[in-house]
Amino acid sequence: MSEIRLQVQNVCKTFGITKALQDVSFNINKGEVHALIGENGSGKSTLTNSLTGIYQKDSGKFILDGEEIHPKNQVEANNAGVSIIVQELGTLDGLTVAENIVLGHEDRFVKMGIKNTNAMNREANALLKQYGFDRIKASDMVETYNFEDRKLVEIVKATYFDPKIVVIDETTTALSQEGREELYKQMNQIRDKGNTVIFISHDLPEVLHMSDTITVLRDGVYIDTVRSADIDEEGLK
Ligand code: ADP
Ligand code: MG
């Protein structure tokens, strides 16, 4: 029996007259890659942005390992064990690569009011190396890198602290084959540790290949959750 990691219970979210999420309920397990699919505008990002504190849901509950969470921002979500690689640009100009990676957790590098930039850069460079992203340097300003490389920085940022849930929202479209392979490796590692990936992608062969479970949303409404092994591309249309 798989153990439940996240219960999504009756979640609703509106933007003006748009009902982006209508009473959405389903469960996500530990140790799985759980894909979210559905046409553009079906509410996938609204759901994951609400889970990670970027949006505030109107009603409903997110229950993580038996306890309700309601993060007001991404740092609170991180502290609850949930991180996200957002669909849009998720790194901030004006900060270095290292500052982006540790954003919200800089305190770890401050002693007696003094920030130890060298220690922060050392740790960020070690992480980048470990992920195989050696060409990215911790002390460079993040805006000197292209969109793909900035997504790679986000992959490090979202995964290095071993979160219980990592949301990956349409990241693969921004990546080259090499970047995708690296992301797939990270996804498998997260699953193997017993943690959970919520994987949003338009690429159905990729979804079928990488996920254990698939939940389908349509126009903000929950449709179904199926095991990836039991379905093919035709069945998902
Ligand atoms: P998906 O990620 O599945 O493509 P979204 O969650 O982005 O879908 O969008 C669901 C609906 O909510 C769409 O109709 C979209 O236009 C609307 N929506 C999403 N975010 C916002 C926002 N910040 N402001 C207004 N409307 C939004
Ligand atoms: Mg989206």
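In each ligand, atom 1 is the first atom listed, and ligand 1 is the first ligand listed.
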- Task: For T144 and D140, indicate whether the former's side chain and the latter's backbone hold a donor-acceptor pair under 3.5 Å.
- Result: no
- May I have the step-by-step check of salt bridge (Lys or Arg N to Asp or Glu O under 4.0 Å) for E123 and R108, ending in yes or no? CA-CA 11 Å; E123 180 163 323; R108 289 177 35 226; 2.6 Å; yes
- For the rings on Y160 and H105, is their centre-to-centre separation under 6.0 Å? no
- Query: Is the backbone N or O of A20 less than 3.5 Å from a side-chain atom of T18, with the two atoms forming a donor-acceptor pair by type?
  - Reply: no
- From CD1 (I165) to CD1 (I198), nearest 0.5 Å: 5.0 Å
- Provide the protein N, O or S atoms situated under 2.8 Å from the Mg ion (ligand 2); waters are not included. S45 OG, Q87 OE1
- Is there a donor-acceptor contact under 3.5 Å linking the side chains of R218 and S42? no
- D149: partners by side chain to side chain contact (heavy atoms under 4.5 Å, CB included), with sequence neighbours left out: R135, I136, Y145, N146, L152
- Message: List the residues meeting salt bridge (charged side-chain N to carboxylate O under 4.0 Å, His left out) with D162, not counting sequence neighbours, and say none if there are none.
- Response: K193
So what's ligand 1 close to, N/O to N/O, under 3.5 Å?
from, atom 1, to, atom 2, distance (Å)
ligand 1, 2 (O), S45, N, 2.9
ligand 1, 2 (O), S45, OG, 2.9
ligand 1, 3 (O), S42, N, 3.1
ligand 1, 3 (O), S42, OG, 3.3
ligand 1, 3 (O), G43, N, 3.0
ligand 1, 3 (O), K44, N, 2.9
ligand 1, 3 (O), K44, NZ, 2.8
ligand 1, 4 (O), G41, N, 2.7
ligand 1, 6 (O), T46, N, 2.9
ligand 1, 6 (O), T46, OG1, 2.5
ligand 1, 8 (O), G41, N, 3.4
ligand 1, 8 (O), G43, N, 3.2
ligand 1, 20 (N), Y55, OH, 3.2
ligand 1, 23 (N), Y55, OH, 3.1

- Assess whether side-chain hydrogen bond (donor to acceptor under 3.5 Å, both in side chains) is satisfied between T52 and Q74, documenting all intermediate values. CA-CA 6 Å; T52 52; Q74 281 191 74; 5.7 Å; no
